[in-house]
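Every number for a ligand or one of its atoms is a count from 1 in the order of the listing.
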Amino acid sequence: MLTKRSVYLDHSATTPTDPRVVEAMLPFFTADYGNSASAHSYGRKAEDAVETARETIAKVMNCSPREIIFTSGASESNNLAIRGAAWKAGQGSHLITTAVEHSAVINTVNQLTDVMGFESSYLPVDSQGSINPSDFEELYRLATAIVSAMLVNNEVGTVQPIADLADYAKAKRVYVHTDAVQAAGQLSLDVHQLGVDMMSLSAHKFYGPKGVGLLYLRKGIDLYPSQTGGSHEEGRRAGTLNTPGIVGMAKALELAYQEREMRINHFRALRDQLIDGVLSRIPDVVLTGHPTNRLPSHASFLIDGLDGNSLITHLDLRGVAASSASACKTGNPEPSSVLLAMGYSPKEALGSLRLTVGLQTSPEDIDYTVDILGDVVARLRKLNAAFQLTSMT
Ligand SMILES: Cc1ncc(COP(=O)(O)O)c(C=O)c1O
């Protein structure tokens, strides 16, 4: 029997806040608590901190500080980009996205389409979850206002060819938005290299605090705000700025890009150890997503004959925190639409498992996880076989 460990392998869901980030944030909860919109010295101190954070972030993204709009996270940023561009273009305009986006994009596009009079089309993906940028030309219409495609898929880790897609879109003067939530901290966020007009980030995915994010909005683009109220963020997003959160996000992003090489080497080595261990030791398992063009920290699998819900529950009992695209709290898992779009059957898609490594993960954690996963899979398969036998008699 293995000695039980606690292994957190769900860094794509969220990361712990780096203690250096917490330290940078603390004064803005206590001594320096002013509202950055206030005209007195307390307000100016908060405003200075926000503007310094904006400059730090702008350097990482190779953009102007004024092109950054602070939000409550990527869900809000995605809403602002897509709704803002669609509303500005006017009812009846057309939106393009991909078949594998996060629900913050898909549900926004669906609502605009189903109840607000807009039209939409979806770029398909291949069996590894990659879009083909030239498909844009087939979906493009004169009324197309925006194309929104994620930089890295959260379920299967595939990196999308956003710069190529942007070339096609720019040729037709269509705005390009990317949800870069999963890429942040690992891939380049240089908006000029990516060729994007808008980009969403969320701080808690790169060792920053929860509840704060941003939208990069290229200078000259005029969106309708999706959240109206005061004139914060130059009228583009109403609401008192989350000074501690913004300071923490800037610190986390700065650290991530200062330490990027060390971090991605660490992630890659552990991810490859995990993928090799799982594929070589556990039968009837496949890797999902692109085998090489994937996020350094991301491993995802389909475990034949099992469902993700029971897998993650049993892994949790043995100390391993994982996730599954088909996990749900109602006992009635739905197959992941991402895996269906990649061509897997609903039955295959139910067996999805995502394991994402982080800064604190060790090679021993990976050895333990492979052992535990092998054991859990063997036991659940045995149980299923026994259940099938008894239900036949
Ligand atoms: C790809 C992607 N987009 C958007 C989000 C939403 O981020 P938040 O919940 O921080 O708003 C997530 C979070 O899981 C994500 O993975």
pair His298-Arg354: side-chain heavy atoms closer than 4.5 Å
yes
Quick one, Leu339 and Val156 - any side-chain contact, counting heavy atoms below 4.5 Å?
yes
Ring centres under 6.0 angstrom apart (Tyr33, Tyr42):
yes
Looking only at atom types and distance, does a side-chain atom of Thr288 sit under 3.5 Å from a main-chain N or O of Ser300, one as donor and one as acceptor?
yes
Examine distances only and state if a side-chain atom of Gln186 and a backbone atom of Leu295 form a donor-acceptor pair shorter than 3.5 Å.
no
Going by distance only, is there an N or O of Ala74 that falls short of 3.5 Å from an N or O of ligand 1?
yes
Do any nitrogen or oxygen atoms of Lys205 lie less than 3.5 angstrom from nitrogen or oxygen atoms of ligand 1?
yes
Shortest protein heavy-atom distance from [atom], along with the residue and atom involved:
| atom | answer |
| --- | --- |
| atom 15 (C) of ligand 1 | His102 CD2, 3.3 Å |
| atom 6 (C) of ligand 1 | Ser75 OG, 3.5 Å |
| atom 4 (C) of ligand 1 | Asp179 OD2, 3.4 Å |

With heavy atoms only and a cut-off of under 4.0 Å, state how Gln182 meets ligand 1: side chain, backbone, both or neither.
side chain
Counting heavy atoms only, which of Ala104, Ser202, Gly73, Gly213 comes nearest to atom 10 (O) of ligand 1?
Ser202
Run the salt-bridge test on Glu51 and Arg54 with the 4.0 Å N-O cut-off and return the result as yes or no.
yes
